[in-house]
Amino acid sequence: MPELPEVETTLRGIAPHALGKSVRAVVVRHPRLRWPVPKQLASELPGQTVRGLVRRSKYLLFEFDRGTLIAHLGMSGSLRVTDAGEVPGKFDHVDIVFENGTCLRLRDPRRFGAILWTHDPARHPLLTHLGPEPLGEDFTGAYLFERTRKRKRAIRDFLLDGRSVAGIGNIYANEALFAAGIRPTRAAGRLTRADCTRLAQALRATLKRAIRAGGTTLRDFRGGDDRPGYFQQRLKVYGRAGEPCQACHTSVRAVRLGQRSAFFCPRCQS
DNA sequence: CTCCGATCCTGATGGC
DNA sequence: TGCCATCAGGATCGGA
């Protein structure tokens, strides 16, 4: 379940192998991902060079000479560096093969990921409504406070909404709320200014630590260099229902919030 | 506008 | 051992 730290880890792993490289071929074995892989990719991409590679929210943006490839890892996707000669597995749906024989290979068993192509990323519908980057300077406690006013939805759900803040998924929403001492079920509008300051700080700190650990590998996430992440060992509440809170030893609770679980310590978080 | 549930997909897991 | 149900979840969509 790649969230911002896993996508950032992927970017750092593949950037040295992709930047400045020219595409020889695109191989699409399974075009039906979250959205169909554009057919023009195989004809338009060869001959173009990767001029830039950036992350926006959970999207990877490969800036080519005449367009931008948008990649999203969905919840089971990974993008790794292989050799073009390596035999693809059952879930290796898309290859981008460079002139030097290096290959960027998208593996995605559940096919919630996406590969898209645009000439105008600034106006792409997936990217235009995104909230601020949580590690950027316009994401602050003041911003959180202002945006949550009069909002009745649970703060966990507010954080998962990419229009509020970009790149946060269930793992890091729960972990940051634990670090800030706020229950995931609390109505967003009930956060005080001080809560928002702590939450913004907790999100930044949690994401940075996760990036440093190479992300979280729950099942089979791998960075671009094929290394797993190690942040799962540092998770305080996510997936730890029934275990003692690491701060106060109270049993961690899981509650159903919408379609997904929220985890919290009933003593440390209010 | 806001909120919430349904939806896509398939491997892993747990109960019987 | 095998079968079946359930769960995980990012982002969009439609209905309330």
Categorize A:Tyr59 for me: base, sugar-phosphate, or nothing, with a 4.0 angstrom heavy-atom threshold over every strand shown.
sugar-phosphate

Is A:Arg111 close enough to B:dC8 that one of its side-chain N or O atoms is under 4.0 Å from OP1 or OP2 there?
no

Is the closest basic N to carboxylate O distance between A:Arg29 and A:Asp92 below 4.0 Å?
no

Is there a donor and acceptor pair, one atom on the side chain of A:Arg260 and one on the base of C:dG10, closer than 3.5 Å?
yes

Could you state the atom-to-atom distance from NE2 of A:His30 to P of B:dT10 in whole Å?
7 Å

Do A:Trp117 and A:Val97 share a hydrophobic cluster (ILVMFWY, side-chain heavy atoms under 4.5 Å, transitive)?
no

Provide, to the nearest angstrom, the distance between the CG atom belonging to A:Leu33 and the P atom belonging to B:dT10.
11 Å

Nearest to the A:Trp35 side chain among B:dC8, C:dA11, B:dG11, which nucleotide is it?
C:dA11

Output the rounded distance in Å from CZ (A:Phe112) to C1' (C:dC13).
14 Å

Starting from P on C:dA11, measure out to CG on A:Leu73 and report it in whole angstrom.
10 Å

Honestly, is A:Arg149 close enough over A:Phe145, meaning NZ or CZ under 6.0 Å from the six-membered ring centre and within 45° of the axis?
yes

Identify which nucleotide among C:dA11, C:dA8, B:dC3 has an atom closest to any side-chain atom of A:Leu126, counting heavy atoms from C-beta outward.
C:dA11

Walking DNA chain B from its 5' end, the first of A:Arg163 and A:Arg32 to be reached, judged by nearest nucleotide, is A:Arg163

Under 4.0 Å between a side-chain N or O of A:His72 and OP1 or OP2 of C:dG10?
no

Salt-bridged, A:Lys58 to A:Glu6, with N to O below 4.0 Å?
no

Would you say a side-chain N or O of A:Lys152 is under 4.0 Å from OP1 or OP2 of B:dT2?
no

Over how many whole Å does the gap from A:Arg256 atom CZ to B:dA6 atom C1' extend?
13 Å

Judged by each residue's nearest nucleotide on DNA chain B, which is more toward the 5′ side, A:Phe91 or A:Arg153?
A:Arg153

Kindly say if A:Ser76 contacts the phosphate of B:dT10, meaning a side-chain N or O under 4.0 Å from OP1 or OP2.
no

So what does A:Arg151 hit on the nucleic acid, given a heavy-atom distance under 4.0 Å: a base, only sugar-phosphate, or nothing?
sugar-phosphate

A:Arg110 has its side chain closest, among B:dT10, C:dA11, B:dC3, to B:dT10

Return the value, rounded to whole Å, for the distance between atom CZ of A:Arg147 and atom P of B:dC3.
11 Å

Atom CZ of A:Phe158 to atom P of C:dA11: distance rounded to whole Å?
16 Å

Please determine, for the side chain of A:Gln259, which listed nucleotide (B:dA6, B:dC9, C:dA11) has the closest atom?
B:dA6

Between A:Arg51 and A:Glu63, is the closest basic N to carboxylate O distance under 4.0 Å?
no

Would you mind reading off the distance between A:Arg107 atom CZ and B:dC9 atom C1', rounded to a whole angstrom?
17 Å

Please check if any side-chain donor atom of A:Asn100 sits under 3.5 Å from a side-chain acceptor atom of A:Arg24, or the reverse.
no

